Number of protein chains: 2
Amino acid sequence: MPLTSQLQTAGLRATPKRLAIGGLLFDGVDRHVTADDVADMARKAGIKVSLATVYNTLNQFVAAGILKRIILDTDRTYFDTNVSDHHHLFYETSGDLLDVPGDSLRIEGLPAAPEGARVRAVEVVIRMSGTPVSTGSTAG
Amino acid sequence: MPLTSQLQTAGLRATPKRLAIGGLLFDGVDRHVTADDVADMARKAGIKVSLATVYNTLNQFVAAGILKRIILDTDRTYFDTNVSDHHHLFYETSGDLLDVPGDSLRIEGLPAAPEGARVRAVEVVIRMSGTPVSTGSTAG
DNA sequence: AATTATTTTAGAACAATTCTACACTGGGCT
DNA sequence: AGCCCAGTGTAGAATTGTTCTAAAATAATT
Ligand SMILES: [Mn+2]
Ligand SMILES: [Mn+2]
Ligand SMILES: [Zn+2]
Ligand SMILES: [Zn+2]
C-alpha cells in the first residue's frame, strides 16, 4: 500500500513531514528506532524536520496503529515498524533490538484475566549480553 | 536471614539508612515499589532519609543482587524484592505490578544465543487494562 | 584523638519527552 | 486569484525521574 493511502486509512493527512518520516520508516524492512535515530536518518536524507515534529509524528503513528512503542530501557523509547504481536531480543550493551524470528516462541500457562480486566499484550523480552550476530560495527 | 547479615553477605555495610530502607522492603512480602514509594514509606514510618539516599540505596541493592530493577514504563522504574526469575502482570492504568503466580508460565522455542552472546534474562510482561483483583482502593 | 574512608545529603545538573505559543501551509470556497 | 481556517510545524521553555557534585556527617582505624 502506498504511504499516502496508508496514512489516510489511518486517519492522518498525508502532509510533507509525515510522508518524509513515514518514507524513512515504512520501506518494507522491520525497523526498531528511537526518536533520535529518526532525526538522524532525516538529517542524513536531507530532510529538514524539527525534533518536536519527529516526536509528534511518531506519537501520531503510534496512535494511528501503524507504529508500535516498545519500552525496555529507562532512557530511550523504541518505535517498531512491526506492529504485529511478536517478541524481542534486546542487546543491553549495544542497545540493538531484534525481532524474535517467526512464531518460534510459544507461551503456555497464561493466567486468565480476572473479571474487569483484559490482556492487552503479552511481551517477551530476551535480554542479552554480548554482541548481536552481524549487526553494529564490523571491521572495515 | 537477618537483614544485617543479608547486607554484609551482599558486600554492603549495615548502615542506618540501609537498614531502615531494607527493613521497609525485605519483610517477607514480595514488593514492587518505585523510589517515590520508598520515600513515602520511609516518611510514613518516621524515617528521615533524602531522596538521593533512597536512589543510592536502591541502586546499591540492585548491584548487590538483593533487589531487581524492572522497566516497563517510560517514566518510572520499579524495584522488585523478588529477585528470582519470574514474570509480571502490569496494569497500565493503575500502575499496579503483580507477579505471575508460581511457575504457571512456560516459554517454549527460545532461540539459541548466537556465538559471543548470552541470555541474561527472559522477561514476560502481560500488559493489562482494567483493574487488578483486590488491589488499590476498595470502598471503605 | 587524629586520621581516613564511607555514607548521607541538598541542590544542581542532566536528558528524554512534552508543552506552549506562535508561524506557516494548503486546500476549499468564493 | 485571493481569503479563510483548521491543521501542521517549529523553537524554545518546561517537566520530571534520575544522577551527579561537592560538602557535611558519621563511622572505622590507627
Ligand atoms: Mn529521562
Ligand atoms: Mn523522565
Ligand atoms: Zn519488533
Ligand atoms: Zn516481581
Side-chain angles (χ1 to χ4, degrees), chain A residues 3-4 7-8 10-25 32-43 45-64 66-80 92 95 97, chain B residues 3-4 7-8 10-24 32-43 45-64 66-80 90 92 95 97:
Chain A
L3 184 52
T4 299
L7 290 175
Q8 282 163 358
L12 293 173
R13 267 174 39 183
T15 66
K17 305 294 154 156
R18 295 210 267 245
L19 284 169
I21 292 173
L24 294 171
L25 296 178
H32 303 92
V33 296
T34 65
D36 258 0
D37 291 340
V38 174
D40 285 353
M41 291 163 73
R43 201 166 26 67
I47 299 162
K48 195 169 159 293
V49 62
S50 74
L51 188 55
T53 296
V54 170
Y55 274 105
N56 287 343
T57 304
L58 294 177
N59 287 335
Q60 288 155 0
F61 286 0
V62 169
I66 61 178
L67 198 62
K68 200 159 114 176
R69 188 189 307 276
I70 311 265
I71 295 166
L72 18 78
D73 195 318
T74 324
D75 52 1
R76 56 184 143 187
T77 298
Y78 290 82
F79 295 89
D80 193 341
E92 300 196 307
L97 183 60
Chain B
L3 184 53
T4 298
L7 291 174
Q8 284 163 356
L12 292 173
R13 271 174 35 185
T15 66
K17 306 291 156 162
R18 295 209 268 245
L19 285 169
I21 292 173
L24 294 171
H32 302 93
V33 296
T34 65
D36 258 0
D37 291 340
V38 173
D40 286 352
M41 291 163 73
R43 201 166 25 68
I47 299 162
K48 194 168 158 293
V49 63
S50 74
L51 188 56
T53 297
V54 169
Y55 274 105
N56 286 343
T57 303
L58 294 176
N59 287 336
Q60 289 155 359
F61 285 0
V62 169
I66 61 177
L67 198 62
K68 200 159 115 175
R69 188 190 307 276
I70 312 265
I71 295 165
L72 18 78
D73 194 319
T74 324
D75 51 1
R76 56 185 142 183
T77 298
Y78 290 82
F79 295 89
D80 192 339
F90 182 48
E92 300 197 306
L97 183 61

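Values below: every heavy atom of this structure, side chains too, minus hydrogens, waters and symmetry copies. As the structure is a computational prediction, the values presented were derived from the model and not from experiment. So that the names make sense, note that chain A is the first sequence line, chain B the second, and so on, each numbered from 1.
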Nearest to the side chain of B:D75, heavy atoms from C-beta on, is which of C:dA10, D:dG17, C:dT18? D:dG17

Has the side chain of A:Y78 got a donor or acceptor atom that lies under 3.5 Å from a matching backbone atom of A:D73? no

Protein-nucleotide distance (A:L51, atom CG; D:dG12, atom P), rounded to Å: 13 Å

Would you mind reading off the distance between B:Q60 atom CD and C:dT6 atom P, rounded to a whole angstrom? 12 Å

What integer distance in Å separates B:L12:CG from D:dA27:P? 17 Å

Give a yes/no on whether any side-chain N or O of B:T53 is located under 4.0 angstrom from OP1 or OP2 of C:dT8. no

Between B:T34 and B:D37, is there a side-chain donor-acceptor contact under 3.5 Å, judged purely by atom types and distance? yes

Any non-hydrogen side-chain atom of B:L24 less than 4.5 Å from a side-chain atom of B:I47? yes

Rounded to whole Å, CZ of A:R69 lies from C1' of C:dT17 at a distance of 10 Å

Can you identify which nucleotide, out of C:dT18, D:dG7, C:dT6, has its nearest atom closest to the A:R13 side chain? D:dG7

Position toward the 5' end of DNA chain C (nearest nucleotide), A:A52 or A:D36: A:D36

Rounded to the nearest Å, what distance is computed from the NZ atom of residue A:K48 to the P atom of nucleotide C:dC24? 12 Å

Position toward the 5' end of DNA chain D (nearest nucleotide), B:T77 or A:K17: A:K17

Whole-Å distance between C:dG11 C1' and B:N56 CG? 14 Å

Looking only at side-chain atoms of B:T15, point me to the closest of C:dT17, C:dT7, D:dG17. C:dT7

A:R18 side chain, from C-beta outward: closest of D:dG17, C:dT9, D:dG9: D:dG9

Is it true that a side-chain atom of A:K17 and a backbone atom of A:K48 form a donor plus acceptor pair closer than 3.5 Å? yes

What's the OH-P distance between B:Y55 and D:dT18, to the nearest Å? 3 Å

From CG of B:L7 across to C1' of C:dT6 the rounded distance in Å is 15 Å

Closest approach of A:I21 to A:T53 (non-hydrogen atoms, all atoms of both residues): CD1-O, 4.4 Å

